[in-house]
Amino acid sequence: MQPFTKKAIEVMKNIPEGKVMSYGQVARSVGSPRAARQVARILHSMSGAHGIPWHRIVNAKGEIVIKDGEGSYTQKLMLEEEGVCFEEDGTISFSRYQYFPVCNEEIARL
DNA sequence: CCCCTGACCTTTC
DNA sequence: CGAAAGGCCAGGG
């Protein structure tokens, strides 16, 4: 397992309840802004393992990542159970629920 | 060991 | 503002 993978797992495990993170953000947190895909890969492969709350991981738009099926349905329920509300479009309000482990970067980038 | 695929993100037209 | 193309890293065949 690569170092960044391990870090990514740690970061995701550190996401508190009622909060969500985008793949790109996790990728940046581990030091690889372009490793978003690998984060997704990790979830796809290690979902359930390492106690990773995969349901707290969404795309940059703040919507369910999985196409359709039990996964998307489960994720939505899990988030709702944690107190996360969805918009009309089925997206999530980042301003309210996105978790910022390193908000400085985001602010600095903007 | 080489090629393909993937629960993605970002920038430009 | 919406759609399209490029890039990136790692796992599996």
Side-chain angles (χ1 to χ4, degrees):
Chain A
M1 185 181 292
Q2 301 310 115
F4 92 90
T5 306
K6 206 160 126 189
K7 287 185 181 178
I9 295 171
E10 289 297 306
V11 175
M12 291 190 283
K13 282 168 61 179
N14 273 290
I15 302 175
E17 294 182 4
K19 296 288 181 182
V20 294
M21 271 185 86
S22 60
Y23 293 87
Q25 202 155 22
V26 176
R28 279 208 258 170
S29 300
V30 302
S32 298
R34 318 306 157 99
R37 304 190 94 175
Q38 282 53 262
V39 177
R41 252 214 57 72
I42 294 167
L43 292 171
H44 163 71
S45 188
M46 313 225 174
S47 62
H50 303 276
I52 302 175
W54 62 275
H55 53 275
R56 291 179 198 160
I57 310 301
V58 292
N59 63 9
K61 302 184 200 106
E63 49 184 31
I64 301 300
V65 185
I66 315 172
K67 301 176 183 178
D68 182 57
E70 296 181 54
S72 56
Y73 184 67
T74 305
Q75 180 170 19
K76 189 178 177 182
L77 291 191
M78 296 280 264
L79 292 173
E80 290 183 326
E81 285 298 303
E82 294 185 355
V84 178
C85 70
F86 286 77
E87 297 299 314
E88 302 300 318
D89 316 83
T91 58
I92 301 171
S93 303
F94 280 104
S95 313
R96 291 164 61 85
Y97 303 108
Q98 179 151 37
Y99 178 52
F100 286 88
V102 283
C103 46
N104 299 345
E105 291 185 29
E106 291 297 315
I107 298 171
R109 195 173 68 81
L110 299 176

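Since this is a predicted model, take the numbers as computed values, not measurements. Note on naming: letters A, B, ... go to the chains in the order of the sequence lines (proteins, then strands), and numbering restarts at 1 for each one.
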Exercise for review: To the nearest Å, give me how far apart CD (A:E63) and C1' (B:dC9) are.
Suggested key: 13 Å

Check your understanding: Looking only at atom types and distance, does a side-chain atom of A:T74 sit under 3.5 Å from a main-chain N or O of A:E70, one as donor and one as acceptor?
Key -> yes

Check your understanding: Out of B:dA7, C:dG12, B:dC9, which has the shortest distance to the side chain of A:S22?
Key -> B:dC9

Review point. Counting side-chain heavy atoms from C-beta on, which of C:dG11, B:dA7, C:dC8 comes nearest to A:R41?
Key: C:dG11

Practice item. Nearest whole angstrom, please: distance from the P of C:dG12 to the CD1 of A:I42. Key: 12 Å

Point to revise | Position toward the 5' end of DNA chain C (nearest nucleotide), A:R37 or A:M1 | key: A:R37

Review point. Could you give the CG-to-P distance, from A:L79 to B:dA7, as a whole number of Å?
Key: 18 Å

**Study point:** Donor-acceptor pair, side chain of A:E63 and main chain of A:T91, under 3.5 angstrom
**Key:** no

Study note, to complete from the structure: Rounded to whole Å, CG of A:L43 lies from C1' of C:dA10 at a distance of 14 Å

Review point. If you look at every strand shown and take non-hydrogen atoms under 4.0 Å, does A:S47 touch a base, only sugar-phosphate, or nothing?
Key: base

Exercise for review: Write down the distance between CE (A:M46) and P (C:dG11), rounded to a whole number of angstrom.
Suggested key: 7 Å

**Study point:** Value in whole Å for how far the C1' atom of B:dA7 lies from CD of A:E70
**Key:** 15 Å

Practice item. Find the distance A:K6:NZ to C:dG11:P and express it as a whole number of Å. Key: 14 Å

Check your understanding: Could you give the OH-to-P distance, from A:Y23 to C:dA10, as a whole number of Å?
Key -> 18 Å

Revision key, fill the gap. Per atom distances to the A:Q2 side chain, the nearest of B:dA7, B:dT10, C:dG11 is C:dG11

Exercise for review: Decide if atom NZ of A:K7 counts as having more than 12 heavy atoms of other residues, nucleotides or ligands within a radius under 6.0 Å.
Suggested key: no

Review point. So, A:Q75 side chain and A:I57 main chain: donor-acceptor pair closer than 3.5 Å or not?
Key: yes

